[in-house]
Amino acid sequence: MRSSVATAAVVVLLVLAGCVGGSPSATPTGSDGATLTDGADDYTLTERWRAGNSSIAGNHHAVAAGRVGDEAVVAIPIGGRSDATGCKLLVVDRSGDERWTAAIPPAACTIHAIADPAVADFVGDDRPEVIASSTEAEAVAYDALTGNATFRYPLSNYGYTRPIVADATGDGRAELVVTDVDGTVAVVRPDGSTVWRRPLDAYSWSAPAVADFDADDRPETVVGIGNGTVLAFNRRGQLAWTTDVGGAVTWSGDADVDGDAAREFVAATESGVVASVDGRNGTVEWTRSVGALAAVDDPVDGDGDGIVEVYATNATGTLFALDGRNGTVEWSRSLTDGSTQMTPPPVVGDVTGDGAPELVAVTNDGFVRVLAPADGRVLASYARDASVYTHATLSDTDGDGVEDVYVMYGDGTAVALRLQISNSSTS
């Protein structure tokens with residue numbers, strides 16, 4: 001039964017998000033040959049290592065990275081062909097050398113074998129675990145350095161999104177908030193007990209968010225689902241509000257984007273709408289159409305002007321910086337000259353080490369771009385001749401204060417990149 005359900009969901013998702021296999025439609029040539037090189041002479045994206053491989057070209061679950069004490073941990077989710085070997089969670093060190101592997105058996109091997117993992121301390125011992133859901137219909141926490149399973153929780157279907165470790169009940173302790181692909185959301189304690197669990201009766205492709213959305217000093221759990229609905233649950237699992245954003249929610253983020261007391265949930269839909277939802281009552285504060293297969297991550301004041309930006313992309317590879325207060329376009333930028341099927345959202349972090357954030361954007365045809373948040377100027381580029389279907393991951397895995405860039409390509413290869421000043425030996 002699980003295989004047939006998973007296969008049906010795969011077909012739906014591939015049509016929706018354009019995650020088909022194959023090589024990029026335009027062969028990328030890297031920063032030297034790219035046409036989008038405004039400031040690429042200033043910096044160079046240097047490849048440190050590659051790890052992983054797959055028998056399929058549509059891998060689209062993101063890498064997770066973090067530190068356990070002084071040790072770096074990079075978790076790479078790898079899918080494969082149905083009823084075949086090769087599906088696994090591969091965990092490597094900062095050099096890209098394998099630490100351990102958790103294999104998924106052939107009977108459960110699919111493109112979604114391992115969902116987006118997380119590196120976080122769930123059990124409360126100040127030692128992060130690697131946590132991931134899988135097509136074995138469970139969420140598992142592993143010792144990050146040894147791979148020993150320390151926690152398992154059964155799901156009603158296979159997991160698709162990243163598990164969230166947060167205080168969802170307001171009791172001062174972390175819980176695990178996890179959804180499976182059919183929309184069931186559960187809040188779970190480290191002892192395996194369920195605080196609350198709710199079926200949502202629709203596919204869930206974006207991870208839930210946990211925060212004090214309505215500014216009452218108590219947390220809410222908010223999730224967007226495939227029927228165009230965004231739902232908020234209070235700490236006891238009671239429905240606080242629900243709203244319609246006009247299309248299947250495929251990506252989402254959250255932040256206070258307008259400076260009021262409440263926090264907003266920002267949803268991006270397959271129809272191309274970006275919607276800012278007021279966390280107090282679910283009112284849609286503004287919408288902006290950016291083009292089919294819109295994608296967003298957490299909003300942030302990227303340019304330091306005191307205004308929170310929503311950075312959104314569309315299927316054709318255009319990046320928009322939207323004013324979080326009203327959705328107006330501050331600037332837009334084409335990320336590629338090639339033909340693309342979808343574009344993951346950019347992520348924000350300090351990859352130059354100058355104390356200010358940069359944007360890191362990837363394109364479906366294989367490019368990784370570092371851009372200035374103020375105007376979208378390209379600072380550096382990297383590319384492989386393979387597709388990308390998910391966002392980059394930023395993490396300071398060596399503790400030097402500078403975030404490294406990790407990118408999952410569709411062929412199951414994770415690439416570790418480091419931004420360097422051109423003609424400099426600084427690493």
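If you're wondering where the values come from, they're calculated on a predicted model, not measured in any experiment. Values below: every heavy atom of this structure, side chains too, minus hydrogens, waters and symmetry copies.
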Within the 4.5 Å heavy-atom criterion, are [X] and [Y] side-chain neighbours or not?
| X | Y | result |
| --- | --- | --- |
| Val266 | Val274 | yes |
| Ile225 | Leu231 | yes |
| Glu330 | Ile307 | yes |
| Asp297 | Tyr311 | no |
| Pro346 | Arg369 | no |
| Arg99 | Val92 | no |
| Phe151 | Val188 | yes |
| Pro373 | Val348 | no |

Practice item. Start with the C-alpha distance between Asp256 and Glu264, add both sets of side-chain angles, then the distance that settles side-chain contact (heavy atoms from CB on, under 4.5 Å), and finish with yes or no. Key: CA-CA 5 Å; Asp256 176 13; Glu264 282 70 39; 3.4 Å; yes
Quick one: does any side-chain atom of [X] pair with a main-chain N or O of [Y] as donor and acceptor, under 3.5 Å?
| X | Y | result |
| --- | --- | --- |
| Thr287 | Val273 | no |
| Thr110 | His112 | yes |
| Thr150 | Ala141 | yes |
| Asp404 | Arg418 | no |
| Arg127 | Asp143 | no |
| Glu47 | Val415 | no |
| Ser95 | Asp97 | no |
| Trp286 | Gly324 | yes |
| Asn314 | Val290 | yes |
| Asn59 | Ile78 | no |

Looking at [atom1] of [X] and [atom2] of [Y], how far apart are the two atoms once the value is rounded to the nearest 0.5 Å?
| X | Y | atom1 | atom2 | result |
| --- | --- | --- | --- | --- |
| Ser204 | Asn227 | OG | CG | 10.5 Å |
| Thr179 | Leu200 | OG1 | CG | 8.5 Å |
| Asn53 | Leu90 | CG | CG | 9.0 Å |
| Leu371 | Leu379 | CG | CG | 6.5 Å |
| Asp125 | Asp121 | CG | CG | 5.0 Å |
| Thr340 | Phe367 | OG1 | CZ | 11.5 Å |

What I want to check is whether the side chains of [X] and [Y] have a donor and an acceptor closer together than 3.5 Å.
| X | Y | value |
| --- | --- | --- |
| Ser332 | Thr318 | no |
| Arg235 | Thr169 | no |
| Asp182 | Thr184 | yes |
| Glu358 | Thr352 | yes |
| Thr397 | Ser395 | no |

Review point. So which of Asp398, Asp400, Asp396 actually passes salt bridge (Lys or Arg N to Asp or Glu O under 4.0 Å) with Arg94?
Key: Asp398
Exercise for review: List the steps, then state whether side-chain contact (heavy atoms from CB on, under 4.5 Å) holds for Leu394 with Val351.
Suggested key: CA-CA 8 Å; Leu394 307 183; Val351 296; 4.1 Å; yes
Practice item. Return yes when atom CG of Asp354 has more than 12 non-hydrogen atoms of other residues, nucleotides or ligands closer than 6.0 Å, and no otherwise. Key: yes
Review point. Hey, does the Lys NZ or Arg CZ of Arg384 hover above the aromatic six-ring of Tyr409, less than 6.0 Å from the centre and inside 45° of the axis?
Key: yes
What are the two closest non-hydrogen atoms of [X] and [Y], and how far apart are they?
| X | Y | value |
| --- | --- | --- |
| Thr243 | Val284 | OG1-CG2, 3.7 Å |
| Gly247 | Thr269 | O-CG2, 3.5 Å |
| Asp214 | Gly279 | CB-O, 3.6 Å |
| Tyr153 | Ala186 | OH-CB, 3.9 Å |
| Pro208 | Arg162 | CD-O, 4.3 Å |

**Study point:** Full working for side-chain contact (heavy atoms from CB on, under 4.5 Å) between Asp93 and Glu71
**Key:** CA-CA 7 Å; Asp93 61 18; Glu71 298 288 333; 5.6 Å; no
Practice item. Evaluate the ring planes of His60 and Tyr389, with Trp represented by its six-membered ring, and classify them as parallel (under 30°), tilted (30 to 60°) or perpendicular (over 60°). Key: perpendicular
Practice item. Measure the acute angle between the ring planes of Tyr406 and Trp49, then classify it against the limits of 30° and 60° as parallel, tilted or perpendicular. Key: tilted
Exercise for review: List the steps and the verdict of side-chain contact (heavy atoms from CB on, under 4.5 Å) for Val185 and Phe233.
Suggested key: CA-CA 10 Å; Val185 57; Phe233 298 91; 4.3 Å; yes
Practice item. Go through Tyr160 and His61 one step at a time and tell me if the ring-ring contact (aromatic ring centres under 6.0 Å, His included) criterion holds. Key: CA-CA 8 Å; Tyr160 184 81; His61 292 283; 4.8 Å; yes
Exercise for review: Determine, stepwise, if the pair Asp411 / Arg50 fulfils salt bridge (Lys or Arg N to Asp or Glu O under 4.0 Å).
Suggested key: CA-CA 12 Å; Asp411 62 2; Arg50 301 183 189 184; over 6 Å; no
